[in-house]
Amino acid sequence: MSNDVKVYSGRNLVFWILPILFIVFVFAFGCKGEVEKEETIRIAVARFSHETCTFCPKPTTIEDWEYSGPPTRDIIADRGYIGGFKTMCEEYGSIELVGILSPRGARGGSSGSWITREAFDKYSNGIVDDLRQAGPFDGVFLSLHGAMAVTGIPKPEAELARRVREAVGDIPIMVTLDLHANEDHELSGAADAVFIIKRYPHYDTFLQGEHAARVMIKTIRGDYKPTMATRKPGVITPSVYQGTGVSPAMEIMERARRWECQHPGVYVSVAFGFAYADVPDVGATVMVVTNNDQKFADRIADDMSDYIWRMRKVFAGKMLPKTKEGVAMAIAAAKAGKTPVVIADHSDRTGGSTHILEELINQGANNFCITTLRDEKAIQEIQEKAKKGDPVSIDVGGYSDKFAGNPVRIDGTVEFLGEYGRRGTVVVLLFGDNNRVILTPQLTQITTPDIFAPLGIELDSLDIIVLKSRVHFRRGFYETGLAGAIFEVDAPGWGPADLTTLPYKNIPKDIYPVYKKD
Ligand SMILES: [Zn+2]
């Protein structure tokens with residue numbers, strides 16, 4: 001009996017152990033598979049952004065790049081490209097973002113001229129060295145602007161992407177760009193996919209960051225094979241015509257969105273370009289990304305490029321009033337009660353131009369505010385000699401570049417003198433019949449009326465507001481319904497609406513409207 005039991009126990013053992021072994025086996029391998037799937041993806045994040053006005057007088061040096069601090073590894077997750085990229089990665093989960101040593105914004109922003117070779121090499125090699133040290137990575141995200149101009153390097157963003165490619169090898173490199181980018185096939189050849197914002201004012205930086213992250217993650221997982229087509233329609237336009245709330249910029253972007261909506265997983269980008277950089281890849285660029293469909297990418301890119309070419313005359317051939325005429329129109333509109341009237345002093349790329357200030361005084365305007373005028377010397381002089389409430393007699397502006405006009409004598413009082421956030425020391429001079437000029441140490445583009453209250457200026461008391469802006473001011477002065485009338489005035493400056501007046505040396509000899517006229 002006991003023998004029988006023994007035999008029976010042995011059978012029992014085999015009966016139980018085999019399934020247990022099987023379960024352990026399956027569990028172990030199943031878990032291994034699971035772990036592999038959930039393994040953290042490592043993505044490097046670097047940024048290097050500039051929009052270079054090569055006609056402006058002052059080169060952009062290492063000192064300019066580091067005025068607010070040395071390069072940083074901080075991943076600044078704001079409402080911009082990197083914020084969107086990071087947010088999308090967090091939604092996917094199990095992704096480690098590694099900040100790569102990147103330069104901050106350069107002093108003076110877009111009023112800076114040619115970036116020195118030394119500065120470009122320092123920051124691009126810094127990014128590459130950091131990538132080598134902190135790697136290996138599964139992907140690299142480059143948050144760029146696309147309108148850098150560097151002495152001796154014709155296409156800097158493409159050069160950066162090539163250097164990054166050499167360091168990281170065959171892993172996805174995704175790039176985001178501003179719609180003021182000047183790029184061509186060299187960038188799309190070095191990177192895997194490029195995503196460009198579609199709105200000016202620039203509301204969709206976050207969204208394009210999200211797109212870059214989604215395509216990056218799908219590509220790393222093997223679910224997407226970015227395939228690009230790039231076209232140059234051969235058209236350049238001044239920034240002041242590129243606002244996407246008006247034709248034909250609006251229709252061009254709408255056409256791109258239509259392709260995207262009809263074909264999920266397809267990304268259709270258009271950069272209008274930055275005309276004030278004298279570079280070989282200047283002007284409009286179409287970049288299309290599909291999932292492994294070169295033919296389709298080519299078809300869309302051709303369609304978009306042909307459309308931009310067909311729109312060239314409407315796009316590049318508008319006319320704007322010159323200083324005298326534009327100021328007269330603004331004063332008439334103010335008298336007709338369309339206040340506040342906004343004058344966009346769009347052509348001033350260095351910030352210290354006085355043409356419109358001088359003309360407003362000559363034509364006897366009142367209740368106007370120059371928002372802002374760059375004059376670091378006048379600010380220093382006022383700081384040394386005066387305090388709030390003191391009378392002053394001082395020359396302002398007229399020296400930031402050769403088109404900046406004459407210094408204008410202001411006999412008035414110091415209404416405000418103090419620090420104003422990141423803008424540094426700001427001075428408000430009150431003069432004449434409730435007229436003001438806001439002095440800033442750098443070119444300062446004001447996009448919303450938020451500046452006035454902290455400086456003690458009542459918005460309601462202003463009939464005419466002069467802004468050193470082309471399109472971004474529409475954010476706070478037009479889209480909110482605030483401005484009663486807007487006049488884009490073509491004063492002399494390094495950012496003219498008529499591009500044929502610029503002394504280009506490096507742009508293609510067949511580009512419309514500078515060389516090709518029809
Ligand atoms: Zn831009």
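All ligand and atom numbering here is 1-based and tracks the order in the structure. We count residues from 1, following the sequence as given.
In this model, a donor atom of one side chain and an acceptor atom of the other lie less than 3.5 Å apart for His211 and Gln208.
Restricting Asp178 to its N/O/S atoms, the shortest distance to the Zn ion (ligand 1) is reached by OD1. Between the Zn ion (ligand 1) and the N, O or S atoms of His202, the shortest distance is to NE2.
Taking backbone and side chain together, His180 holds an N, O or S atom under 2.8 Å from the Zn ion (ligand 1).
Salt bridge annotation for Glu260-Arg257: absent, with no cationic side-chain nitrogen under 4.0 angstrom from a carboxylate oxygen.
The side chain to side chain contact (heavy atoms under 4.5 Å, CB included) check on Tyr420 picks up Arg423, Val426, Ile451, Pro454, Leu455, with sequence neighbours excluded.
Residue pairs meeting the side-chain hydrogen bond (donor to acceptor under 3.5 Å, both in side chains) criterion with at least one partner in residues 442-455, sequence neighbours excluded, are Thr440-Thr444, Gln445-Ser469, Thr448-Asp450.
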